[in-house]
Number of protein chains: 4
Amino acid sequence: MGKLESNKKKKEDALYNTAFELFTTKGTNKTTISDIVEKAGVAKGTFYLYFKDKYDIRNKLASSKTQDLFFVAYLAVRQNQITGFPAQLHFMIDHILNALKNDSQLLIFVSKNLSWNVFQAALEQKMPDRDVRFYDKYLQLIEEGHQAYEHPDLLLFSVIELASSTCYNCILYQQPVPLEEYMPYLHRAIDGILSSYKKDSSVCSS
Amino acid sequence: MGKLESNKKKKEDALYNTAFELFTTKGTNKTTISDIVEKAGVAKGTFYLYFKDKYDIRNKLASSKTQDLFFVAYLAVRQNQITGFPAQLHFMIDHILNALKNDSQLLIFVSKNLSWNVFQAALEQKMPDRDVRFYDKYLQLIEEGHQAYEHPDLLLFSVIELASSTCYNCILYQQPVPLEEYMPYLHRAIDGILSSYKKDSSVCSS
Amino acid sequence: MGKLESNKKKKEDALYNTAFELFTTKGTNKTTISDIVEKAGVAKGTFYLYFKDKYDIRNKLASSKTQDLFFVAYLAVRQNQITGFPAQLHFMIDHILNALKNDSQLLIFVSKNLSWNVFQAALEQKMPDRDVRFYDKYLQLIEEGHQAYEHPDLLLFSVIELASSTCYNCILYQQPVPLEEYMPYLHRAIDGILSSYKKDSSVCSS
Amino acid sequence: MGKLESNKKKKEDALYNTAFELFTTKGTNKTTISDIVEKAGVAKGTFYLYFKDKYDIRNKLASSKTQDLFFVAYLAVRQNQITGFPAQLHFMIDHILNALKNDSQLLIFVSKNLSWNVFQAALEQKMPDRDVRFYDKYLQLIEEGHQAYEHPDLLLFSVIELASSTCYNCILYQQPVPLEEYMPYLHRAIDGILSSYKKDSSVCSS
DNA sequence: AATGAATGAGGTTTCATTCAT
DNA sequence: TATGAATGAAACCTCATTCAT
């Protein structure tokens, strides 16, 4: 990578990092583009070389932060050699929720900005610097198991959405209960969803 | 009520109604005070006679819309002569979700703006025009039953939050499943929460 | 007129006058809205209470300045008791060209901005503060004469356009000849146009 | 011409062509240098190797387009073996107006940008690729005739300016009349101008 | 209580120009 | 020559808020 190119990357990264910090600190509404560029140490025009407007960088950040959460969870599954798709899914959920529990700014940012569109983009785009799509890895996990599922995309979304929306209050406000107390109920619900997405394999019951 | 006083009320109501319509239509962010007063047909200065700023009317609206939902649900319980607190609670949840299902603008508005603070205010303030507090009615329902509960406030919040957050996607995106399919799971979860808030009455287990 | 209303009018007028001065001095392109409001001594926002953007005030000015030229010429016809439509038209042309000759800034401004659309608007709108339409007065002049003309609107436009476009260089650059030398040729051309618009009145001559 | 040199020429030409297209399509004001270089497929910096700014290329284009019009008209005079200076001049005018009639974008561009300065430059500079000056050819035509004229430069300008300014509306708006109807009047006016520039050769009247 | 013209800080966005590569 | 990322001044425009009426 040439000097010029790496310098370019550095500017873009500075914008990403600064924007994320300000969005989580002051909120997206109260963060101005002037704030971002000033703190990032680049000129105002530079912002517009990389992003259309504030919401563009916001969406890209939400998407990338979501990707990160998922990919790191996936790597943990592999590193801990968890086997069997349901167990792997439960493990990833725990992993993600744990990460969010320890970073409530991230939780707020991701929750408030995770619309269905952004979420889909996050799963189906190639991860920057990694050349892998989380979604491919996820399908691979299912294939490695013995059980087939319908609509693996919807299955995944349902589980994640259920988990994140119910845990938002548990983590931030300890309401209705602290996260720890809620977890067992969550995992039971996840099992329920998993069953409902199972493909009728030959013989047996649902 | 004098003519002048009713005229005053009319202005305030016009502001409330118009603001709600614009907030749900264009979003709170993109709605300006100019938009509101213009559409409401009052002068700009008038807005500031009733509200501090945009977020003031937003919060008051969220609170009042939430109150309405709850109070109407409560009235329905009485009209249908439902007996027994758990049954009454389930009935109210169904009633509220049904209302939200048929008014997704309201769902979005209430969900995006229902912070814990606003929620509390909604329950503990006197309802305009009615001179009743929903929360008193709610406590009364519990007392009429035979079972005592700890933290009736948290119990209520937990149930509502669980319901609204999980149903947000069901209603708006039919994800992970349409509302109808999700309802049985929801009601089972509510039963679980109810149990966990039961006060140790004499005999039984925790 | 109330104090408030007259004050309002004063601001708008200040904007008009300042804008005209800057447009004619620096050119429309190089005049910014900041320039205008600063020189006019009003706040930036005030500009947008009265005008959409720079081109809005430019068009309104071009239109109003054109109206003025025409109306003053018309008044001169009446004051000098000129009779007969052709003579009246020639007189007005002379009057207008004379005015432009002595105010080349106005000549430049009007010429560069007098598009067909703006021109039409100028003639058919009521004059501010006067409650008269120049165009009505013009039609009245024709009716008072004995000769009918087809398309009096086009007739008027043709004459004016011919005069202003050919005289632009005469006045500004003395090219191809100074205005004085050109005037006889111009009046001859105007007579030609007049003939070509005459309505065939029963019998007679061309 | 070397490959490198021809490549250089290609860039400059691309800039010229693109700029002309954009100027006539969107107007000079709304065309940015970014627009030009992007559409021309060259880098931004490259623009500044050839032109000082937007108005530089605008003027050069106006000049060169004017040159083209005149030179092509001159060639047509030669090809059609028109003899006698007045006839040659009328022929060239017709030729130019005809060209403009069929390319109203060009008409607008040339009219709006043909200031006296640019015009002079157009006539007195060597034509690119041709190594001839139109103005020399024009003087040659006069010399070949029997009649001498004062200020042949002003004569030429006067005729052209008269023609282009009066015909602008005829062509673009068919106002006051379509070009065809106006042409006879124009040619009579040109004859008048010609007379007024004649040098007193011995005997006759002015 | 009601008005709405005026404000002007503060945001967004553009774009001509430079300069290291 | 050619590039195009970076710049930042300078334009545009919005809108919450005030205040004289």
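The shortest heavy-atom contact between C/K54 and C/T28 is NZ-O, 3.2 Å. Of all heavy-atom pairs spanning A/D56 and A/Y50, the tightest one is OD2-O, 4.2 Å. Looking at every heavy atom in both residues, A/I36 comes nearest to A/T18 through O-CG2, 3.6 Å. Residues B/A14 and B/A40 come closest through the heavy atom pair O-CB, 3.8 Å.
Residue contacts for D/F51: at a heavy-atom cut-off of 4.0 Å it reaches no nucleic acid atom on any strand shown. As judged by a 4.0 angstrom heavy-atom cut-off over every strand, D/Y55 is placed among residues making no nucleic acid contact.
The only member of A/K11, A/K9, A/K10 that meets salt bridge (charged side-chain N to carboxylate O under 4.0 Å, His left out) when paired with A/D13 is A/K9.
C/F109 and C/F23 have parallel rings, their planes meeting at less than 30° on a 0 to 90° scale where 60° marks the start of perpendicular.
In DNA chain F, stems built from 3 or more consecutive Watson-Crick or G-U wobble pairs, each with both distances under 3.5 Å, span E:2-21 with F:2-21.
For the pair B/L15 and B/F47, the minimum side-chain heavy-atom distance is below 4.5 Å.
The interatomic distance linking B/K10 (NZ) with E/dA2 (C1') rounds to 14 Å, in whole Å. A straight line from NZ of D/K54 to C1' of E/dT14 spans 12 Å, rounded to a whole angstrom. Here F/dA16 presents its P atom at 14 Å from CZ of B/R58, a figure rounded to the nearest Å. Atom-to-atom, CG of B/L49 to P of F/dC19 comes out at 14 Å; the value is rounded to the nearest Å.
Comparing F/dT7, E/dA6, E/dA2 by their closest approach to the side chain of A/K11 singles out F/dT7.
Near DNA chain E, defined here as any heavy-atom distance below 4.0 Å, the residues from residues 18-48 of chain B are B/V42, B/A43, B/K44, B/G45, B/T46, listed numerically.
Taking only side-chain nitrogens and oxygens, D/Y50 never comes nearer than 4.0 Å to OP1 or OP2 of F/dT1.
Counting only distance, with no hydrogens or angles, the side chain of B/T32 and the backbone of B/D35 share a donor-acceptor pair below 3.5 Å.
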